[in-house]
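Before any comments, here is the structure.
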Amino acid sequence: MNIKARKAAGGQDKPALSMEDARARILDALEPLVGTETVGLRQALHRVLAEPVTAAIDVPAHTNSAMDGYVVRAADLTEAGATLRMVGESFAGRPFQGRFGAGECVRIMTGAVVPEGGDTVIMQEQTEREGDQIRFHKPAKPGANVRLAGEDIARGDVAMRPGRWLTPADLGVLASAGVPTVCVKRRPKVAFFSTGDELKPVGQTLEPGQIHDSNRYTLFGMLSELGVEIEDLGIVPDERDALDEVLRKAVRFDAVLSTGGASVGDADYVVEALEKLGNLGFWQVAMKPGRPLVFGRIERAWFFGLPGNPVAVMVTFLQFVRPALVTLAGGRPMLPLQMSLPVIGDIRKRPGRREFQRGRLVQTDEGLAVSPFRQQGSGVLRSMSEADCLINLAPELGNVSAGDRVMVEPFAQPVWNGD
Ligand code: AMP
Ligand code: MG
């Protein structure tokens, strides 16, 4: 492929890849990284489990009460209004030591060991106490309110399978199973840099025509959430030599992301540099924003040349880079979650390429709907900050009318940032 000729033709000499084909080509090319390490539980958050974890103990470790109340033998409480004698107490962490027999009961708190002889817990709201005499309003349902030892995870069971991307709940499960360390896969080492003569780091004063580099902050945030190891290679000017130099440095990483310089402009050298120093996989995807996406490899480093436009950076990251890095990390990528919702207001669109618009989920009397933002320019990063979803408009779609259903991809964020 002659890049100079393609650029001269405005990149239009060859049809751009569809988004699905581009993603399939990336995911088909990548292999999970080799290598594991054993780390403490807290270090394992958002890492991929490499080996199965076997529970060393039963969870819960002992049969215990799910309620504050009285532990009884169900056989003693076959009728409403029966009375039993309380012979002791069982607290969480301080079990009742004795045994109890027919006609007796033991006061018990939530989480406390169910003493031998008892099989059922009656909640205290269904009892009346007078001294050591406890009156029960109802007959017992055998086994009620008792959590059996090993009911959650039994000793010797596989508590967690390899390939899991460890979540906060997983860390809790592992801790409860008495597992202090786990074997996880090596984290992808990911480097990123921005290209553009107009870019100034935040904290420095802008000269005329300059803008602050925001892409390295967005990328930092999105990469941090994935749990990969990151290195910021800074801002690179729009010069062939400078680009060659940073790409040569980048070969020691598993993946390298650049932003900017991937279009057909006279100062866009990313595709040329990749062709010279590595292998170009593809360039240009039929989507908006995100058309100039570049994918390839330099030695063992996978290269993703993202567009410069801040919104395009985020959209292409979510659609391509995130699933790719999850694959490298040894996990199974989950593609953006989709749901079909009615749209509030019209959407203008030209058929022919996929388009992502920013929107907001809205609760209406008829249920959830999506409201697209008016300002959809791919330079308007605020639209991304205020959005809580992307509206994914298929290539064949033209204008959309209010009330039509569209495909919505909510951002998976842990905190509600709406009004
Ligand atoms: P490019 O892809 O290099 O043609 O850049 C497209 C647009 O994105 C231009 O308006 C750039 O000024 C802008 N841009 C490129 N890189 C960044 C960056 N790191 N931060 C903010 N805006 C950028
Ligand atoms: Mg540029």
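Position 1 is the first residue of the sequence; numbering continues from there. Counting convention: from 1, in listed order, for ligands and their atoms alike.
- Residues that satisfy the ring-ring contact (aromatic ring centres under 6.0 Å, His included) test with Phe193, not counting sequence neighbours, are absent from this structure.
- Contacts of Ile235 with ligand 1, taken as heavy-atom pairs under 4.0 Å, are absent altogether.
- By the criterion of a heavy-atom distance under 4.0 Å, the backbone of His212, and not its side chain, is placed next to ligand 1.
- Residue contacts with ligand 1: Gly261 is included, with a non-hydrogen atom under 4.0 Å away.
- Judged purely by distance below 3.5 Å, without hydrogens or angles, the side chains of Arg147 and Asn64 pair a donor atom with an acceptor atom.
- Within the 4.0 Å heavy-atom cutoff, Ser214 counts among the residues contacting ligand 1.
- For ligand 1, the atoms sitting less than 4.0 Å from at least one non-hydrogen atom of Ser194 are 19 (N), numbered in the order shown with element in parentheses.
- The contact set between ligand 1 and Ile211, taken as ligand atoms under 4.0 Å from a residue heavy atom, comprises 12 (O), 21 (C), 22 (N), 23 (C).
- When Leu243, Asp241, Leu274 are each tested for a side-chain contact (heavy atoms from CB on, under 4.5 Å) with Tyr269, only one passes: Leu243.
- Ranking the protein heavy atoms by distance from atom 7 (C) of ligand 1 puts Asn309 OD1, 3.4 Å first.
- Annotation: ring pair (Phe, Tyr, Trp, His ring centres under 6.0 Å) contacts involving residues 199-257, sequence neighbours excluded, are absent.
- To the nearest 0.5 Å, the span separating CZ on Arg107 from CD1 on Ile134 amounts to 8.0 Å.
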